[in-house]
Amino acid sequence: ASQAGRGGRCWLRKSRTVKGQAFSVVICTFNGAARIEPVLTALAGLNGGAGHEIVLVDNCSTDGVAAIASAVWTQVGRPAIDFRVISETTQGLSAARRAGVRAATRDIVVFCDDDNLLSSDYLEVAAAILADQTIGATGGPNTPMTDGEMPPLFFCYAALAAVGAQ
């Protein structure tokens, strides 16, 4: 069975026709320069891809994430997926997400945090789920990742970290 992805949230914005629709993947980041390369690399590996866009929302960062993300996308990105960076000067995830939705030009919006990796089939699975007329939003399981070992008590408190099925 295929997983919908790690940490993405998806909602249908305009039409109820999903098959063949393009997605806007919105990444909100605050000082995410150290985290953004694997996120963009995973997005470059999405199945399909033609007609989709990635909108990176720089939310008052001071670490140069906008320039770093643009350079990374130049190296790993695919021409079939549009990429752009916008700036949001009101600090906070809600303001950044609103800016991302305003900037999105595709009918379906996916939020991907700057430390989440979407599975290569995430958009295909989301489109299949959203094809059901009774569904207007989806989510996926969140699989924790770390550079080292998971702290011993992590899974005792995992539900507080939005880890697992959503």
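Looking only at distances, a side-chain donor or acceptor of N59 sits under 3.5 Å from a matching main-chain atom of G92. For S61 (side chain) and G64 (main-chain N/O), no donor-acceptor pair under 3.5 Å exists by modelled atom type.
Closest approach of T138 and A126 over heavy atoms only: OG1-CB, 4.4 Å. Between A69 and L40, the shortest heavy-atom contact is O-CD1, 3.5 Å. A103 approaches V55 most closely through the heavy-atom pair CB-CG1, 4.1 Å.
With sequence neighbours left out, the salt bridge (Lys or Arg N to Asp or Glu O under 4.0 Å) criterion links R35 to D114. With sequence neighbours excluded, no residue forms a salt bridge (Lys or Arg N to Asp or Glu O under 4.0 Å) with D115. Checked against salt bridge (Lys or Arg N to Asp or Glu O under 4.0 Å), E53 has the following partners two or more places apart in sequence or in another chain: R84, R106.
I108 contributes atom CD1, which lies 5.5 Å from atom CG of L130 (distance to the nearest 0.5 angstrom). Taking CD1 from I27 and CG from L56, the interatomic distance works out to 5.5 Å, rounded to the nearest 0.5 Å. Once rounded to the nearest 0.5 Å, the distance linking CD of Q21 with OG of S24 reads 11.0 Å. Note that the CG atom of L117 and the SG atom of C112 stand 7.5 Å from one another [nearest 0.5 Å].
When each of R97, R102, R98 is checked for a side chain to side chain contact (heavy atoms under 4.5 Å, CB included) with E88, only R102 meets the rule.
Under the 4.5 Å side-chain heavy-atom criterion for grouping Ile, Leu, Val, Met, Phe, Trp and Tyr, L93 is not connected to V65 through any hydrophobic cluster. Linking ILVMFWY residues whenever their side-chain heavy atoms come closer than 4.5 Å, directly or via other members, leaves F30 and I86 in distinct clusters. Cluster membership for V76 and L118, using ILVMFWY side-chain heavy atoms within less than 4.5 angstrom, is shared. A continuous path of Ile, Leu, Val, Met, Phe, Trp and Tyr side chains, each step under 4.5 Å between heavy atoms, connects V25 with V85, placing both in one hydrophobic cluster.
Judged as a side-chain hydrogen bond (donor to acceptor under 3.5 Å, both in side chains), the pairs with a partner in residues 62-78 (not counting sequence neighbours) are, in order, N31-T62. Screening residues 43-52 for side-chain hydrogen bond (donor to acceptor under 3.5 Å, both in side chains), with sequence neighbours left out, gives N47-E124.
Counting heavy atoms from C-beta on, the side chains of L123 and V110 come closer than 4.5 Å.
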Which pairs of donor and acceptor atoms, one on a side chain in residues 148-156, lie under 3.5 Å apart (sequence neighbours left out)?
none

- Task: For the pair D82 and I54, evaluate side-chain contact (heavy atoms from CB on, under 4.5 Å) and give the outcome as yes or no after the intermediate values.
- Result: CA-CA 6 Å; D82 295 333; I54 297 170; over 6 Å; no

- Query: Should V101 and F111 be marked as a side-chain contact (heavy atoms from CB on, under 4.5 Å) after you check the CA-CA gap, both sets of side-chain angles, and the distance that decides it?
  - Reply: CA-CA 9 Å; V101 169; F111 293 116; 3.6 Å; yes

